[in-house]
Amino acid sequence: MSDLKTLETELLAAVEAAADLSALEEVRVRALGKKGQVSGLMKGLGDMAPEERKSYGQNINGLKERIGEALGERRAGLEAEDMAQRLASEQADISLPVRVGPLAEGRVHPVSQVMDEIAEIFGDMGFSIAEGPDIETDENNFTALNIPPEHPARQEHDTFYFGGQPDGSRALLRTHTSPVQIRTMRKEKPPIRIIAPGRVYRCDSDQTHTPMFHQVEGLVIDEETHLGHLKWVLEEFCKAFFEVDAIKMRFRASHFPFTEPSLEVDIGYAKVGDELRIGQGEEWLEILGCGMVHPNVLANVDLDPNVYQGFAFGVGIDRLAMLKYGMPDLRAFFAADLAWLKHYGFSSLNVPTLSGGLSS
Ligand code: DAH
């Protein structure tokens, strides 16, 4: 009996002394495990007289129970201590700002964003995207567009020329996106419906002109397209682009060698403080040139002007971006100024869609 008492005292002390959960588990195995001390005592029962066996057995069970209870209590205590310690050491400060990755930090240039917006709008109307090179031939940039050598329109373009070739030809930096009309009509059969966004170059620089800027050309050729279609397409474009249903537009007679008749389009706006309000007020700003493709241009690309007709337009993208997003100085577009880009640029995840709202 006193053996049992001693063992109990010893085991209870060991339980109490266990400093952590794994030490406690060792005590449990040592006491109550299959080969543990208490199980060892059970083995002796077989040799005892029945009376003795009964009371000794009861004592062992009592011991077992008390040790089990002590183990349970100690385990609960240790677990609570453990939890308290983890709560103290694993604190997260949820008031800290999220660390931003490069994808969230980078910005899409407003010109790229506006090009995507334009592509989205015309894509919805069934136009596809065409491209041409920045370095063009004189033929594509001028002659085929009904601007022959010595034509006064050539002077207006302030062209950057490359050195002359032995055959007398000179390559140039395209002065507008209109040569993509020529390339497209030479390559594809009507019906044609394309837009061609890209860089263009003119030897000019002040607050509203930079030597490189951006245009988007539009071209539709088939057998029955007329001026009414042109007007509708441009109205729909302006409404969608400026996200204003009540857009004010003015079509003015103009002159371009490659269209007949030719028109220029102005957008009505009001200036309230520094802000431009599109669709209100009495001010007008020219945003594009357009017209019905000149029969000479069709003939130059071997399309019969008696069969085919269509319209074309050319829009200044930088100017559209300035108007829509209220950026006053064109030169800032090309200054590679990070602060400016952070302010006016767009998140790369902000992909313009008509369904989602172009600029939202
Ligand atoms: N290419 C002209 C320019 O850069 C703009 C233009 C006017 C394009 C009328 C066109 C058009 O396609 O029909 O000034």
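Keep in mind that what you see is a predicted model, and the values were worked out from it rather than measured. When a ligand or atom number is given, it counts from 1 through the structure's own listing order.
Pairs engaging residues 115-125 under the side-chain hydrogen bond (donor to acceptor under 3.5 Å, both in side chains) rule: Glu117-Lys324, Glu117-Tyr325 [sequence neighbours left out].
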Put together the list of close N/O pairs, under 3.5 Å, between ligand 1 and the protein, could you?
from, atom 1, to, atom 2, distance (Å)
ligand 1, 1 (N), His176, ND1, 2.9
ligand 1, 1 (N), Ser178, OG, 3.0
ligand 1, 4 (O), Arg202, NH2, 2.9
ligand 1, 4 (O), Gln215, NE2, 2.9
ligand 1, 12 (O), Gln181, NE2, 3.1
ligand 1, 12 (O), Glu217, OE2, 2.6
ligand 1, 12 (O), Phe313, N, 3.3
ligand 1, 12 (O), Phe313, O, 3.4
ligand 1, 13 (O), Ala312, O, 3.2

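The aromatic ring centres of Trp284 and Tyr269 sit 6.0 Å or more apart.
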Please report, to 0.1 Å, the donor-acceptor pairs under 3.5 Å made by any side chain of residues 312-323, with sequence neighbours excluded.
from, atom 1, to, atom 2, distance (Å)
Asp318, OD1, His214, N, 2.6
Asp318, OD2, His214, ND1, 2.9
Arg319, NH1, Glu286, O, 2.9

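Hydrophobic cluster of Ile194: the remaining members, joined at side-chain heavy-atom separations below 4.5 Å, are Phe142, Leu145, Ile147, Tyr161, Leu172, Ile182, Met185, Ile192, Leu219, Ile221, Phe256, Phe258, Val293, Val297, Leu298, Val301, Leu303, Val307, Tyr308, listed by chain and number.
Judged purely by distance below 3.5 Å, without hydrogens or angles, the side chains of Arg186 and Asn140 pair a donor atom with an acceptor atom. Judged purely by distance below 3.5 Å, without hydrogens or angles, the side chains of Arg154 and Thr143 pair a donor atom with an acceptor atom.
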